[in-house]
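A short worksheet on the structure shown next.
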Amino acid sequence: MATDYCAELADLKRVRRELITGQAVSETRFGEDMVKFTRADMNRLDQLIAEADTQCTIQSGGKPKRRRYAMGARFRPY
């Protein structure tokens, strides 16, 4: 069974949007007006989104964006 990384990417972006906008609520009370939001590791969520984006690009037949670049150096003889 192959994983559909493009669908996973869309789900992860939706989850991130819900967390940022405050729509992901884990507890609400109407007696004393209490609202408790879910806790999330945003850095890990961003890593998962980047990984799913890369895999979706590969799965679609494209080339993924380079995240790291080699540092070049030249020496001039004097």
Side-chain angles (χ1 to χ4, degrees):
M1 181 174 152
T3 304
D4 186 11
Y5 290 106
C6 296
E8 183 179 345
L9 177 63
D11 289 341
L12 287 171
K13 285 184 177 181
R14 181 185 51 80
V15 167
R16 186 173 191 276
R17 189 178 316 113
E18 287 176 358
L19 286 171
I20 289 173
T21 59
Q23 294 175 358
V25 178
S26 64
E27 180 179 341
T28 58
R29 292 184 192 170
F30 296 107
E32 296 179 13
D33 296 326
M34 180 183 170
V35 175
K36 185 175 182 181
F37 297 103
T38 58
R39 299 173 81 192
D41 186 5
M42 294 302 285
N43 291 330
R44 181 65 183 138
L45 185 59
D46 289 339
Q47 289 173 355
L48 287 173
I49 289 173
E51 181 180 335
D53 186 29
T54 302
Q55 293 298 325
C56 177
T57 304
I58 291 171
Q59 193 176 30
S60 300
K63 285 183 130 180
K65 294 179 185 176
R66 291 176 55 181
R67 304 255 186 241
R68 297 178 61 185
Y69 295 92
M71 185 178 206
R74 292 187 181 182
F75 298 99
R76 292 185 179 185
Y78 290 107

Open item on the list: Between Gln55 and Leu9, does the side chain to side chain contact (heavy atoms under 4.5 Å, CB included) criterion hold? Intermediate values first, please.
Closed with: CA-CA 9 Å; Gln55 293 298 325; Leu9 177 63; over 6 Å; no

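- One distance of note links CG of Asp46 with CD of Glu51; it measures 13.0 Å at 0.5 Å rounding.
- Closest heavy-atom contact between Leu19 and Met42: CD1-SD, 4.2 Å.
- Taking OH of Tyr5 as the reference point, atom CG of Asp53 lies at 13.0 Å (rounded to 0.5 Å).
- Checking side-chain atoms of Glu8 against main-chain N and O of Ala52 turns up no donor-acceptor pair under 3.5 Å.
- Annotation: side chain to side chain donor-acceptor pair (under 3.5 Å) contacts of Asp11 (sequence neighbours excluded): none.
- Nearest heavy atoms, Arg16 versus Ile49: CD-CD1, 3.5 Å.
- Not counting sequence neighbours, Asp33 has no partner by the side chain to side chain contact (heavy atoms under 4.5 Å, CB included) test.
- Under the rule for a side chain to side chain donor-acceptor pair (under 3.5 Å), Arg17 has no partner lying at least two apart in sequence or in another chain.
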